[in-house]
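Worksheet for the structure shown next.
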Amino acid sequence: MKNIIIIFLLFTLVGCKKEVTNPADSIYFGGDILTMEGEKPTYVEAVAIKDGKIIFSGTKSDAEKFHGNTTDMKDLEGKTMMPGFIDPHLHPILGSVILNTKFASPFDWNFPWGKVAAIRGHKPFIDKVIEYDKDLKDPLEHLIVWGYMEPFHGSISRAELDSISTTRPIVIWQYSAHEMFFNTAALKKFKITEADTKGNSQIDYKRGRFVEAGFFSVALPKLAPYLMDEKVMKEAMKKFSAVVHLGGITTVGDMALGSSGSIETDFKMTATILDDPNTPFRIHYTPDLNTLGVINGDGEKTLTIVKELEKKKSPHMVIGHSIKLFSDGAFFGQAFQVEAPGYNDGHHGEWIMQPERLHKTMRFWWDAGYTIHIHCNGSGGLTAILDELEILQKENPKKDHRLTIEHFGQSSVEQAKRIADLGAVVSANPYYLFAMGDKFSGDKILGKERGSELVRLGSLLKNKVPFALHTDFTMAPLQPLLLAWVAANRVTADGNLLAPEEKVPVYNALQGITSNAAFVLRMDDVIGSIKVGKKADFVLLQENPMKIESIKLKDIKILETVYEGKSFPVKQ
């Protein structure tokens with residue numbers, strides 16, 4: 001009997017797992033786990049997570065200390081795991097609105113619901129508008145077509161749109177989203193009269209063209225009730241959420257909170273995402289001071305509103321201690337300010353915030369202790385920013401101010417060094433080069449040298465300027481790996497290699513969509529790399545981006561994201 005009891009106890013001990021004091025919810029192992037910690041590629045064998053956070057990162061044997069009876073062991077089976085991708089600059093509301101328009105873009109788009117082929121040439125573009133017109137059953141329903149770009153589609157006018165229809169309101173939305181063309185029926189429907197436009201140099205009423213301030217102050221407010229209807233926006237936000245997930249993204253930066261004209265309206269529109277526990281990403285908000293400043297008056301009143309905003313909390317929302325300003329105009333619309341000798345065709349760029357107002361506003365928010373993000377596309381706009389930053393650094397010096405140049409389209413080598421000297425950082429859109437490098441290199445726009453050197457990331461790296469990569473969706477598809485691919489290869493949509501000296505290594509490109517992206521959002525203490533204490537945000541990839549040719553980077557299949565410990569497979 002005694003022997004039987006001993007045997008029973010032995011079997012019991014063998015069958016029982018040692019009690020673990022702090023068991024993990026899950027442990028990932030069995031693949032390449034690229035942490036994005038540090039300036040060189042670093043791997044670990046296993047990562048343990050609990051309550052949505054990383055509690056261990058290291059060897060597989062040490063990870064066993066967190067392996068309890070309820071721990072879910074996640075075998076990667078040779079696949080690669082990285083920190084979840086971050087897009088630090090896009091516009092959820094604007095992007096969702098555009099997803100509800102008809103696409104006629106010069107570039108291919110890939111969505112969860114299908115692909116949209118590129119349209120190039122004037123006649124194909126107009127034919128596509130006519131096709132969309134015929135597809136609509138209601139003869140009076142308005143038609144909004146997004147994606148027009150003059151270098152690819154030629155010049156258009158109100159008269160040409162009238163030739164398509166004198167009864168259907170037709171609006172052509174330029175790719176940059178800073179410009180629109182209306183036919184006569186659209187001007188009537190949206191109640192835009194010639195009297196509304198008088199004295200505004202950024203409106204050509206006869207041509208039906210509204211650009212920059214003419215678009216934002218006159219055209220957009222008239223269209224907003226139609227573009228942002230509550231029912232329409234609910235469906236649009238669902239589309240946006242699906243596109244974010246397809247790109248392997250776990251954090252997005254809304255760099256224009258209040259862009260609808262009201263912060264509360266913005267929150268109401270994004271409630272479809274923010275209130276859904278199954279949304280696989282968070283939104284980091286930065287208030288748009290160009291909009292709020294106009295509405296509330298620059299200064300103390302706006303500061304009070306921004307301070308109140310920072311008190312808001314939500315499982316899917318972060319309000320940064322940051323604000324956004326603007327310098328020059330849109331990139332795709334050739335409205336950015338170019339320093340001498342300027343554009344080769346003699347035209348001049350536009351200002352969104354005139355330098356005097358920009359400088360005054362920069363000073364106010366610098367002294368208030370906020371991180372400043374500034375939309376800037378051209379060398380003229382960049383000089384306006386750096387001139388004021390130099391003064392601010394002399395009068396009220398700050399080491400870790402992280403003033404961020406947003407977009408960084410056209411610049412000079414000297415400006416890259418000046419950015420470094422003044423301690424600024426960059427959030428760049430490399431898709432600019434992919435989309436417009438060939439066109440802007442032409443004799444009529446910037447010429448070969450300046451046009452090929454767009455988004456000079458190599459110069460930033462040489463000067464040790466931290467840079468992130470963003471899509472500014474819909475200025476680029478929501479595909480962070482595509483951004484990294486452009487940064488590492490500098491190949492255009494037409495397959496041309498431009499300014500190879502401005503390439504960056506793959507690892508630095510990946511930093512732009514992970515650790516550096518977290519840095520520019522001041523979220524590097526919680527996301528952006530795989531490190532104990534940070535959020536358990538991951539992306540699972542079919543291949544390791546560090547172990548394939550850089551030219552194949554954009555084609556890596558995204559299999560799954562993990563958001564705060566919860567798995568979300570990507571439907572292919």
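The closest side-chain donor-acceptor pair between Thr42 and Glu37, if any, does not fall under 3.5 angstrom. Judged by distance alone, the side chains of His373 and His89 never bring a donor and an acceptor atom under 3.5 Å apart. In summary, the side chains of Thr404 and Glu406 do not present any donor paired with an acceptor at a separation below 3.5 Å, with no hydrogens or angles considered. No hydrogens or angles considered: nothing links the side chains of Asp254 and His284 as a donor-acceptor pair under 3.5 Å. Residues Gln479 and Thr471 have side chains that never bring a donor and an acceptor to within less than 3.5 angstrom of each other. When only modelled atom types and interatomic distance are considered, Tyr432 and Asn377 share a side-chain donor-acceptor pair under 3.5 Å. Counted by atom type alone, Asn22 and Lys65 present zero donor-acceptor pairs between their side chains at under 3.5 Å. Counted by atom type alone, Tyr43 and Thr80 present zero donor-acceptor pairs between their side chains at under 3.5 Å. Using modelled atom types and a 3.5 Å distance limit, the side chains of Asp438 and Asn496 yield a donor-acceptor pair.
No option in Arg282, Lys53, Lys50, Lys534 other than Arg282 meets the salt bridge (charged side-chain N to carboxylate O under 4.0 Å, His left out) test with Glu564.
Aromatic ring centres of Trp146 and Tyr175: separated by under 6.0 Å. Ring centroids of Phe216 and His178 are separated by less than 6.0 Å, placing the two rings close together. The aromatic ring centres of Phe103 and Tyr132 sit 6.0 Å or more apart. Between His321 and Tyr370, the gap from one ring centroid to the other is short of 6.0 Å. Between Phe85 and Phe281, a ring centre-to-centre spacing not shorter than 6.0 Å is recorded.
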(request) Could you walk me through whether Asn544 and Asp32 pass the side chain to side chain donor-acceptor pair (under 3.5 Å) test, one step at a time? (result) CA-CA 7 Å; Asn544 186 337; Asp32 287 349; 3.0 Å; yes

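Expressed to the nearest 0.5 Å, how far NZ of Lys74 lies from CZ of Phe538 amounts to 11.0 Å.
Salt bridge status for Glu235 with Lys231: absent, with no side-chain N to carboxylate O gap under 4.0 Å.
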Quiz: residues 238-249 side-chain donor-acceptor pairs under 3.5 angstrom, not counting sequence neighbours:
{"residue": "Lys239", "atom": "NZ", "partner": "Asn100", "partner atom": "OD1", "Å": "3.2"}
{"residue": "His245", "atom": "NE2", "partner": "Thr561", "partner atom": "OG1", "Å": "3.2"}
{"residue": "His245", "atom": "NE2", "partner": "Phe568", "partner atom": "O", "Å": "2.9"}

